[in-house]
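A short worksheet on the structure shown next.
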Amino acid sequence: MKYIIPIILGLLVILKYVRYIQKKKRKLNLNDITILAFLVYLIIFIKITLFQDTEFTLNLTDTLKQANFIPVVYTLNTIQDNLISILKTIIITIPFGFLLFLLFIDQKNYSKLIKIGFMISFIVELLQLFKINQYLNIDDILLNTLGFIIGGSIYCLMFKVLVLSKKQQILEKIRNMNLNSMRIFYHSTATLIIGYIVSILVVLHLGTLPLSTLEGKTTVAFDPYQLTVEEDGLAITISGYYKANFSRLKPLFLCKLSLNQEPMYDIYTLNEPYSPQDRKDFSLLIVGWNENAAVMTININNNQYTTDIPKGAFAIPFPEVIDHEFLPYIYANDDSKFSVTFYDEFNNKVTIPFIRSPLK
């Protein structure tokens with residue numbers, strides 16, 4: 001998917017320009033080849049900056065919390081560890097600056113180059129708000145803009161070298177052809193941006209379900225999750241969903257717990273699908289089938305939570321998020337750090353075995 005979407009967007013932009021040439025009823029010339037090369041670069045730029053993966057999110061609240069709005073400080077503090085990443089951020093826009101001076105901007109107009117470079121970098125960073133594994137960083141905008149300036153400077157240097165060798169007509173020939181290049185650039189950029197946003201919505205729509213999926217089912221809600229619990233006498237079927245924006249549900253898991261008329265319970269951990277991969281906390285869910293217990297107590301590192309549980313199928317969430325360091329203790333049922341205990345209505349301990357069931 002991360003290659004299909006950029007390819008489709010690229011074909012749309014290139015076909016649009018080819019159609020423009022056909023409408024003018026003329027042959028392909030040097031200027032056309034240069035602009036097509038620029039459009040190919042623009043597609044590669046979009047792929048590298050916005051389509052490293054197709055892990056999109058509509059949860060803009062979390063992505064804004066991760067954004068860095070303080071310039072320079074973060075880059076200076078991490079320059080030793082992130083030097084290669086910093087250089088890549090600059091290098092990726094150097095061809096952009098070169099081609100803008102070549103095709104659209106007078107080579108003495110650095111202020112216009114900086115304005116366009118900053119605007120494009122800012123738009124790209126805003127679009128990264130829809131990414132799970134990327135975030136808006138003011139330093140990236142500044143570094144991208146620096147790349148535009150370097151690219152424009154390389155063009156100016158090349159032009160001066162060609163003037164000294166009396167070959168500047170190569171660049172002038174490209175610049176002097178009146179093909180409404182700036183209009184083509186704006187239209188192409190707008191097409192890519194709109195296509196990118198549409199692709200995000202399509203990917204998210206295909207990967208989510210309407211809220212009406214929960215209608216007519218027994219549900220357990222704990223923010224931001226929704227669970228459905230169904231019992232047919234032979235098994236408990238539990239479906240887990242993440243409640244995304246726009247009244248959509250992201251399917252997380254489906255599990256079936258065989259009953260055989262015997263009490264049992266299982267433990268599941270849930271990570272928000274639209275949170276960064278390096279996020280270290282998760283939610284805890286206890287599910288199972290109950291016959292005699294009336295109360296359940298969950299103890300995590302001396303943090304105790306007690307709640308009533310119904311007869312038959314149940315799904316009980318722990319009310320707080322848990323740090324990843326407790327995962328080994330939870331799955332090992334290590335009593336020193338984690339325990340689940342059941343009691344009847346007279347506060348007598350009830351034994352309910354832990355049985356692991358696979359997720360689907």
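Scope of the values below: all heavy atoms of this structure, side chains included, with no hydrogens, waters or symmetry mates.
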Are there over 12 heavy-atom neighbours, none belonging to L164, within less than 6.0 Å of that residue's CG?
yes

Sub-4.5 Å side-chain heavy-atom contact between Y343 and T306
no

Quick check: closest heavy atoms across L113 and F148, and the distance to 0.1 Å?
CD2-O, 3.5 Å

Do E320 and I322 come close enough that some side-chain heavy atom pair is under 4.5 Å?
no

State whether the number of non-hydrogen atoms from other residues, nucleotides or ligands found under 6.0 Å of K311 atom NZ is greater than 12.
yes

Validation row: I309, F342 side chains within 4.5 angstrom (heavy atoms):
yes

What are the two closest heavy atoms between A293 and I352, and how far apart are they?
CB-CD1, 4.1 Å

Under 3.5 Å, side chain of Q304 to main-chain N/O of N299, donor-acceptor pair present?
no

Compute the centroid of each ring, for Y241 and then for Y225, and state whether the two points are separated by less than 6.0 Å.
no

Just checking, is any N or O donor in the side chain of D344 or N292 under 3.5 Å from an acceptor N or O on the other one?
no

Distance-only polar pair, side chains of S111 and N109, donor-acceptor under 3.5 Å
yes

Given the side-chain rings of F159 and F101, with only the six-membered ring counted for Trp, is the space between their centroids under 6.0 Å?
no

Inter-residue atom distance T75.OG1 - I86.CD1, 0.5 Å rounding:
5.0 Å

Counting only N and O atoms by type, is there a donor-acceptor contact under 3.5 Å from the side chain of N82 to the main-chain atoms of S85?
no

Does NZ belonging to K217 count more than 12 external heavy atoms closer than 6.0 Å?
yes

Strictly distance-based, threshold 3.5 Å: is any side-chain N or O of N144 a donor or acceptor partner for the main-chain N or O of G117?
no

List the atom of D139, the atom of V72, and the distance in Å for their closest heavy-atom pair.
OD1-N, 2.5 Å

What I'd like to find out is whether the side chain of L126 reaches to under 4.5 Å of the side chain of L129, using heavy atoms alone.
yes

Do I90 and V73 belong to the same hydrophobic cluster, where Ile, Leu, Val, Met, Phe, Trp and Tyr are linked whenever their side-chain heavy atoms lie under 4.5 Å apart, directly or via other members?
no

On a heavy-atom basis, the closest approach of F98 and I154 is CD1-CG2, 4.1 Å

Can you name the one residue among T218, L214, T213 that meets side chain to side chain contact (heavy atoms under 4.5 Å, CB included) with T228?
L214

